[in-house]
Amino acid sequence: MGFLLNKKDIIALNQEFDEGNIHNETSLDFALSYAKRTENWTKSLAWIVRAILIDHVFEEGNKRTAA
């Protein structure tokens with residue numbers, strides 16, 4: 001079974017806290033592509049959370065979205 005989250009899901013999570021405006025789409029795309037290639041779900045999730053927290057994928061609400 002592959003990684004189930006997609007970009008729309010992550011944007012919807014951010015919209016719970018802010019408007020869902022993406023600031024760094026490239027980082028999110030890379031993290032999602034890595035997540036789809038690995039079988040290890042913890043690594044997949046770690047790459048997504050890292051992209052959101054470190055690369056500031058969204059204009060606002062990055063920490064809340066990652067949590």
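- The two residues Ala35 and Ile48 come nearest to each other via the heavy atoms CB-CD1, 4.4 Å.
- Interatomic distance, Phe58 CZ to Arg64 CZ, rounded to the nearest 0.5 Å: 12.0 Å.
- Atom CG in Asp55 sits 9.5 Å away from atom CG in Asn62 (nearest 0.5 Å).
- The distance from atom OG of Ser44 to atom NZ of Lys36, rounded to the nearest 0.5 Å, is 11.0 Å.
- A distance-only check finds no donor-acceptor pair linking the side chain of Asn24 to the backbone of Val57 [under 3.5 Å].
- In this structure a side-chain-to-backbone donor-acceptor pair under 3.5 Å is missing from Asn21 to Glu60.
- Put simply, Ile22 and Leu32 are part of the same group of oily side chains (I, L, V, M, F, W, Y) that touch within less than 4.5 Å, one to the next.
- Atom CD1 of Ile52 sits about 6.5 Å away from atom CG of Leu28, to the nearest 0.5 Å.
- Of the charged side-chain nitrogens involved, at least one lies within less than 4.0 Å of a carboxylate oxygen, so that Glu25 and Lys7 count as a salt-bridged pair.
- A distance-only check finds a donor-acceptor pair linking the side chain of Asp9 to the backbone of Asn6 [under 3.5 Å].
- Using a 3.5 Å distance cut-off with no hydrogens or angles, the side chains of Asn40 and Thr38 do not pair a donor with an acceptor.
- Atom CZ in Arg50 sits 6.0 Å away from atom OG in Ser27 (nearest 0.5 Å).
- Under the 4.5 Å side-chain heavy-atom criterion for ILVMFWY residues, no single connected hydrophobic cluster contains both Phe17 and Ile10.
- Within a 6.0 Å radius of CD in Glu19, other residues, nucleotides and ligands contribute 12 heavy atoms or fewer.
- Interatomic distance, CG of Leu5 versus CG of Leu45, reported as 7.5 Å (0.5 Å rounding).
- Between Tyr34 and Trp47, the ring-plane angle classifies as tilted under the 30° and 60° cut-offs.
- The two residues Val49 and Ala66 come nearest to each other via the heavy atoms CG1-CB, 4.1 Å.
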